[in-house]
Structures are given as structure tokens and as C-alpha cells.
2 protein chains.
Amino acid sequence: MTNPSERARMPSIRDVARLAGVSHQTVSRVLNDHPSIRPETKARVLDAIQVLDYRPNVAARALATSRSSTLGILSSTTGEFGPTSSIAGIEDAARAAGYAVSTLNIPDTTPEAIGAAVRQLVREHVDGIVVLAPQVRVFSVLRGMAVAVPFVSLQTASGSDGVTLSADQVAGARMITEYLIRLGHTDILHVAGPQDWIEAESRMRGYLDALRDADLPTFPPIRGDWTADFGYFAGQELARRRDFTAVFAANDVMAIGLMHGFRDAGLRVPADVSVVGFDDVPVAAHVAPPLTTVHQDFPELGRRAVQILLAQIRGEERPAFGPVAPVLCGRESAASR
Amino acid sequence: MTNPSERARMPSIRDVARLAGVSHQTVSRVLNDHPSIRPETKARVLDAIQVLDYRPNVAARALATSRSSTLGILSSTTGEFGPTSSIAGIEDAARAAGYAVSTLNIPDTTPEAIGAAVRQLVREHVDGIVVLAPQVRVFSVLRGMAVAVPFVSLQTASGSDGVTLSADQVAGARMITEYLIRLGHTDILHVAGPQDWIEAESRMRGYLDALRDADLPTFPPIRGDWTADFGYFAGQELARRRDFTAVFAANDVMAIGLMHGFRDAGLRVPADVSVVGFDDVPVAAHVAPPLTTVHQDFPELGRRAVQILLAQIRGEERPAFGPVAPVLCGRESAASR
DNA sequence: TTGTACGCGTTATCAG
DNA sequence: CTGATAACGCGTACAA
């Protein structure tokens, strides 16, 4: 290489050493606050660092330690509200802990795509990976491929088996279903999320549990795809049946579409049918009628995922978190019968 | 370092060289497809690479070249639909071009925070930065600090002066305002975005231009903050005034809040007042009434930003793109007078 | 407590 | 066309 004429070389650890009158090794020790350094030496070094505005070279450090101070995010979601919010939490927490964040989106969740993505992240030497791939199969693929890097799977399962973590979606779904029951509804439908999303399964489970505990009839859930468009068509279809008085949609966006479908079919919400959603997206309180839903603290989930991952990386004990409590937001879209 | 007992060392360029019976240097040449390599030598090397499943070590490469094959995203947005969509486009395009993506969010846009963020990204040796900080001052700060790395600023200005790029928001805003005018409205209000967002300014500009060209009265715009909650309160306030028949909100989310505010104040949309938004968020077509708005291809914007940035990095000429055309989505929330 | 020597995996330079 | 050899900037082992 040897490029003397290049712009301005960044100061290296040796420049600092020279200025401080020590060896570059001592500087290194100061940097990684090694225990045995004489305070005055340390002061001199820190001073030199100040003067030169020296910053360690991350690439060199990564090469020497084969660690990168970078966390990877492997995501297979496409703008859904929950995952997007969690990603923001992940990024902030990681940055706060001194880690860079490298994001990788995969369009499909075939084992090949997942494998390639993980390998890519490993190649980038990320120290850990947060997986935001709520699809069931992603999880199993990950399990199977013995990833060489610590990883945490977010919102991938309702139980936590050491590497997963999630809001208690089952509890949230149960809570809102019970809310409908308290309002006097006895025939409650569920528009679920895609079959391979664990979150969809968890929300359905909460729904089923609540109905079972109340000795109410259950209906086969309608399988949706999280989109408002699907909700709309489902609403038009369902309007023909009149064997229910309330619908719990697995997310707000479908719920909003559902209400639209009902409206177009001549059904009034909540007079003829109550509708509730899940997530509490920002517009939920402002649609007509305002949507009853469950609020979840997705960013917090992301932050916790980072804490767990860092503990894993550092070989510490996994921090114990209480559940991320879902909060019921009762609004006009659900009325008593 | 010297860690012989560590798990399994990844194969290095020398392992490949040994297996292929050449020097590691030759392997390097093959990797970077250097022109002068005898085909049969190259074949042998590629073969060895296959066998060993060898992958170049990115950290070593970054150290040697002081380039990282990483693009940075500097974002100061908080979940707004447009920027979030663009980020997805950026990530995908960057990955497709063989670049990793490092995201950095800043909560506030003080010059210090921006400076710190850019320095952080520079420390990470990113080869280029896409800035998604739609606030005016971010742009000026960036201009002032002579960033040592190529950067492209997305959605930061309506004109493009070589380092910026944006959808033609002025045209989109003008288009939807003219649509209202064609519907017979003559008194049209505008609920704008925050004053320091260039996009807010552009949309307002389009609105003002359309009114001016039609010789219609303009009203001082109401300054919003992009949120549905603001829209709601604005709607309640505006309902007292009855000197207008249509409102153009600078984004869909505010428009949805606005409709809610009108509704609560006893105004019917669109019978009493027409409302239009901007962005075409996924639920826009499903709220009540369905929202007339302008669709923008935000992911495409992100992809283009990457193309421009890469050209800059490679010292190529800046690719010329046509405008990202806004598309009007006429729906029930706006009716003829 | 501090310094020396070396290795990490790759690219660049300059011979041959 | 190919191969030595020297960087790149930092951390670790070992000696002092």
C-alpha cells in the first residue's frame, strides 16, 4: 500500500505513543483499561489521545481480535408496525452500548436465503445477531444450522427457551378477547395472521384460550396476511354470515380493512358488529370508529433483545426481564351487546 | 494473539494458495480479478476456493484498503412512513451491490449530534453515507462540516444540486391541490409538516403554486408535526372556522387525524369538507371515508440514492434519473363541491 | 508497570 | 504472468 500522498492519515496508536513518550502497547492498555497502568502514565496517554483526536481503527481492531463491535439484524419483515418499531429499539440500544448495527433484510424465508443471510453476517464478523423473522420455519432453520455466532430471536416464540424473547402476545390476545366477552359477546371470530408466523399463532392461542375458559363456541380462524386489503375482502365475505357479533383481527391494519369491508357491506361498527385489533398503530385511535386494540411496547422488546445478546456475547448470565405487559386500549369500535 | 486451540480457524488466503500451489498473492489477484492471470492458474485457484469454501476476511480487507464495503445510513426520522420505506430500498440496493449497511439513528438534530453521528460512521470506515434527515438544518450542518466521505442526502431538497435527491414533492402537492380545484373548491387550507422539514416546505410550495396559478386565495398554513394526534386537534379547531371547503394535509397520518377531528366536531367528510393527504400509507384506502392522496415510490428513491452514492464512490459520473413521478389516488374523502 | 516481537488476513509495490 | 516483501493498525505473549 504505502500511500504517503493520500489526504491526511488518521493518527495511529503509535502516533499517540510517540507523543506520550510510551510504547504503543501502553496506549493499547490505556484504551482497553488494563488494570496495571500507573495513573500518571495513563494521564499522559489520555492527554495525547485528546490532542491528536485519536480514534482506534475499528478494522484493525476487528482483524486483531476477530470481533467487530457490530451487531447484525436479520429481518424478514416488510414494514409491519411491530417489527419496525422493535428494530428502532435494537438500533438505539446497540449504539448506546457501543455497537454498530448492520441490517440485512431477506425477501423470502427459504432455508437457503436464511443460510446465506446468516453467513453474510458472519462474514461481516458481527458479534451477535438479532433475528426478526417471525416465521416459524426461520426459527427451525436457525436452530438446525448451528450458527457460529450468538443470536437472539425476537418475537419468534411465546415461551422463552434461552434464545428467544417476545411480548406476551398470548396474554394480550386473551385480554382483548375477554374484554369482548365482558361486553356480552358470545360469538367471536378471529382473523389471524399468516400460518407460519409465530406471533399469529400466539394471538390465536390467546383468543382460543379465552373462549375455552368462558365455555364459548370457537370458530375456525380466518387466515389473513396482515394487510388492510385482506381485511377488506374478509369483511365483505364475513358480512354474509351473521353468526357472530364481534371480530378480533390479529393486527390493527387488518382490523381497519375489516371495518371498511363491513361498512361497504352495510354493517355498522360497532352497532352491528364489534371489531378489535392488535398493536395500537398510531392511527388506531383516529379511524372511524376509533379502534379498540392492544398496545405493545415493541421498542422495549428490541432493547431487551440487545441486553440479552450482549450478555451472551460477554458470557454473562442472561438478564431476567419481567414480561412486556400488553395494555388494553378500549375505544369505540367495540361496544357492549 | 496466537490462538491455536480456538474452535476452527477460517481458511485464509494462504491456505487457498497452498492448496492451489501458488502464492497467496496470486490468489489475491484472482479474487480482485486482476487482468493478467493465466486462465489455468485462475481455474486452479478458483477450484481451491471452492474446496475450502474460502471467504475473504472483510476486516483484513478493510484494514489493508481502508475501505469497508459498508454504507452508512444516517437517519433522524422516527417511523414516518416515507423515510422508513426509503430505508428498506436503500438496504436492499446496497446489499445487492455487495455492500453492508450500517444504520445510525439520531434522536435530535443538533449540530453536535449530527457531527457525532457522522464521525461515528466515518470511524466505522463506511464508504459512503445516505442521509435521511429531512430537516433543513441537518443539511446545512452537513454542508458545513466537509464530511470526509461521499454522501447523498435523501429527501432533503426539492432541487437536486449534486448530492441531493428527492421525489418531486412539489409536483405531487401541486397535483393534488389542482385536483381539489377541479372538484370546484376555491377555499383550500393546508396543514403542513414541521417547519424545518424540507419535505414539508416542498409540499406547501406545491400547494401555494397551484393556488396562485388558479388565482385562488391562500390561507396561512397550519403547522403540524406529522402526527395523527395533531391532525385531530387541528380538525377540532378548524371546525369552528367555516371559511374553507377543503383541506390538504401534508401527510396521510395527519389527514386521518384531521378527519377524526372534523367528525367529532360534527362535520361530515366529504359532504361538508373534503380532506386529502399525501404518501398513500397502506391504510389510506381503508379509512372512512377512503383517503384521497398522492402515492410516492419511496423505496425507489432509496435505491436511486444508493446508485448515486456508489457512482460517487467509484468516481463515476452521477447517473441521471428521471423524476420519481407522484401518482394521484382519488378516493372518497374528496368530493366535488 | 512497561516494552519488544510477532501475528491477524489482505492488498500494494516492485522485482523477476 | 507470478512471487517475495512490506505495509495496514492493533492486540497478545513474554520478557524485562
Side-chain angles (χ1 to χ4, degrees), chain A residues 1-45 48-49 52-69 122-125 127, chain B residues 1-45 48-49 52-69 122-125 127:
Chain A
M1 275 205 54
T2 336
N3 56 8
S5 66
E6 189 109 348
R7 306 179 177 285
R9 196 175 56 79
M10 294 284 289
S12 91
I13 197 171
R14 291 169 207 276
D15 298 321
V16 176
R18 197 172 312 123
L19 183 59
V22 297
S23 78
H24 78 275
Q25 183 47 246
T26 302
V27 178
S28 173
R29 291 202 177 90
V30 172
L31 255 33
N32 305 296
D33 40 41
H34 187 94
S36 47
I37 286 270
R38 197 191 315 158
E40 79 177 50
T41 313
K42 180 168 181 174
R44 269 217 316 290
V45 171
I49 289 178
L52 265 41
D53 189 32
Y54 162 80
R55 319 284 173 120
N57 179 312
V58 289
R61 184 173 280 180
L63 177 58
T65 59
S66 66
R67 271 174 284 103
S68 63
S69 290
V122 170
R123 274 196 49 199
E124 289 175 22
H125 276 102
D127 296 340
Chain B
M1 276 206 52
T2 337
N3 55 8
S5 64
E6 189 111 347
R7 304 177 179 286
R9 195 174 56 81
M10 294 284 287
S12 92
I13 197 171
R14 292 169 204 277
D15 299 320
V16 176
R18 198 173 310 122
L19 183 59
V22 297
S23 78
H24 74 276
Q25 183 49 245
T26 301
V27 178
S28 173
R29 290 201 178 91
V30 172
L31 255 33
N32 306 295
D33 39 42
H34 188 93
S36 46
I37 288 270
R38 198 191 313 159
E40 81 177 49
T41 313
K42 180 168 181 174
R44 269 218 315 292
V45 171
I49 289 178
L52 266 41
D53 189 35
Y54 161 81
R55 319 285 173 119
N57 178 312
V58 289
R61 184 172 280 182
L63 177 57
T65 60
S66 66
R67 271 174 284 105
S68 63
S69 290
V122 169
R123 273 196 51 198
E124 289 174 22
H125 275 102
D127 295 340

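Lettering follows sequence order; numbering is per chain, from 1.
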Nearest whole Å is fine: how far is [N] [atom2] from [X] [atom1]?
| X | N | atom1 | atom2 | result |
| --- | --- | --- | --- | --- |
| B:R18 | C:dT10 | CZ | P | 12 Å |
| B:E40 | D:dC1 | CD | P | 12 Å |
| A:I49 | D:dC10 | CD1 | P | 10 Å |
| A:H125 | D:dG11 | NE2 | P | 15 Å |
| A:D15 | D:dC8 | CG | P | 10 Å |
| A:K42 | C:dT1 | NZ | C1' | 14 Å |
| B:L63 | C:dT10 | CG | P | 12 Å |
| A:R14 | D:dA7 | CZ | P | 11 Å |

(request) Record whether the side chain of B:R67 comes under 3.5 Å of the base of C:dT11 through a donor-acceptor pair of N or O atoms. (result) no
(message) Distance criterion of 3.5 Å, no angle test: do you see the side chain of A:H24 paired donor-to-acceptor with the base of C:dT4?
(response) no
(request) Find out whether A:Y54 and A:L19 are in side-chain contact, i.e. whether some heavy atom of one side chain is under 4.5 Å from a heavy atom of the other. (result) no
(request) Name all residues meeting the side-chain contact (heavy atoms from CB on, under 4.5 Å) criterion together with B:V58; count only those two or more places apart in sequence or in a different chain, and write none if there are none. (result) A:R123, A:H125
Can you tell me if the side-chain N/O atoms of [X] get under 4.0 Å from OP1 or OP2 in [N]?
| X | N | value |
| --- | --- | --- |
| A:S23 | C:dG3 | yes |
| B:T65 | D:dC8 | no |
| A:R38 | C:dT1 | no |
| B:T26 | D:dC1 | no |

Strictly distance-based, threshold 3.5 Å: is any side-chain N or O of [X] a donor or acceptor partner for the main-chain N or O of [Y]?
| X | Y | result |
| --- | --- | --- |
| A:R14 | A:H24 | no |
| B:T65 | B:R61 | yes |
| B:N32 | B:H34 | no |

(message) Looking at B:R55, I'd like to know if its CZ atom is crowded, meaning that more than 12 non-hydrogen atoms belonging to other residues, nucleotides or ligands lie closer than 6.0 Å.
(response) yes
(request) Would you name the heavy atoms of A:A60 and B:L63 that are closest together and state the gap between them? (result) CB-CD1, 3.6 Å
(request) When you get a sec, tell me which of C:dG3, C:dT11, D:dC10 is the closest nucleotide to the side chain of A:A60? (result) D:dC10
(request) Could you check which of C:dG3, D:dC10, D:dG11 has an atom nearest any side-chain atom of A:S28? (result) D:dG11
Output one line per pair: protein atom, nucleotide atom from nucleotides 14-16 of chain C, and distance, for all N/O pairs under 3.5 Å.
none

(message) Reading DNA chain C from 5' onward, which residue's closest nucleotide shows up sooner: B:N32 or A:V22?
(response) A:V22
